[in-house]
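Just so we're clear, the structure is a prediction, and the values are computed from it rather than from any experiment.
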Amino acid sequence: MVLCWFLRNFFSLTAWILIALIYGIFQARFFGSITTFIQDETDIKFSGRIFGLTFLFFDGIQPLGDFIFGFFVSSWQRWTYVILGICLAIFFSILLY
């Protein structure tokens, strides 16, 4: 009974908005640092090329991410965001440390 109440309240709209906010903070912190690092370490005449390659890498890897994420959704079902969120929080915590 308590587990059903927890799951019903945990997967509410408020919880999803909170999860998205926390994920956005982690993502902004990580990718903001990467962009600043690239700007500091790259000669100005190569910045456009480096940023082009960086964004091409992130866009080019997306189909692989869709395939993997689709696999996780079918096996983990409603726990997908929880499990991946925990993995991301651990990974970003290690990177920030």
Side-chain angles (χ1 to χ4, degrees):
M1 185 72 157
V2 174
L3 181 61
C4 291
W5 176 86
F6 174 75
L7 290 177
R8 185 174 52 243
N9 290 326
F10 182 76
F11 291 109
S12 66
L13 179 61
T14 307
W16 286 116
I17 290 173
L18 183 64
I19 290 168
L21 178 68
I22 291 169
Y23 176 73
I25 290 169
F26 274 104
Q27 188 177 22
R29 173 77 172 111
F30 178 70
F31 289 113
S33 301
I34 293 296
T35 305
T36 304
F37 174 76
I38 290 172
Q39 287 175 337
D40 288 343
E41 298 296 323
T42 304
D43 190 9
I44 192 71
K45 61 184 173 185
F46 298 115
S47 290
R49 295 175 189 152
I50 297 299
F51 279 114
L53 288 173
T54 303
F55 293 125
L56 179 66
F57 172 76
F58 284 114
D59 290 342
I61 201 76
Q62 188 59 38
L64 179 63
D66 290 342
F67 176 74
I68 293 170
F69 191 71
F71 171 74
F72 288 141
V73 169
S74 65
S75 61
W76 291 343
Q77 298 176 357
R78 67 176 187 251
W79 291 100
T80 303
Y81 286 116
V82 175
I83 294 169
L84 291 180
I86 290 169
C87 292
L88 281 173
I90 291 169
F91 177 71
F92 284 139
S93 298
I94 291 169
L95 282 176
L96 290 175
Y97 175 71

Using side-chain contact (heavy atoms from CB on, under 4.5 Å) as the criterion, list what pairs up with [X], not counting sequence neighbours.
| X | answer |
| --- | --- |
| Asp40 | Thr36 |
| Ile90 | Ile86, Ile94 |
| Ile22 | Leu18, Phe26 |

If you group Ile, Leu, Val, Met, Phe, Trp and Tyr whenever their side-chain heavy atoms sit less than 4.5 Å apart, what else falls in with Leu53?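 Its cluster partners, ordered by chain and number, are none at all.
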For the CZ atom of Phe92 and the CG atom of Leu88, what is their distance to the nearest 0.5 Å?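 Phe92 CZ to Leu88 CG: 5.5 Å, rounded to 0.5 Å.
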Are the side chains of Trp76 and Val82 in touch, meaning some heavy atoms are under 4.5 Å apart?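 Result no, sub-4.5 Å side-chain heavy-atom pair not found.
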Under the ring-ring contact (aromatic ring centres under 6.0 Å, His included) rule, collect the residues that match up with Phe91, sequence neighbours excluded.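 Phe91 satisfies ring-ring contact (aromatic ring centres under 6.0 Å, His included) with no other residue.
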Run the side-chain contact (heavy atoms from CB on, under 4.5 Å) check on Ser47 and Ile44 step by step: do they pass? CA-CA 5 Å; Ser47 290; Ile44 192 71; 4.2 Å; yes
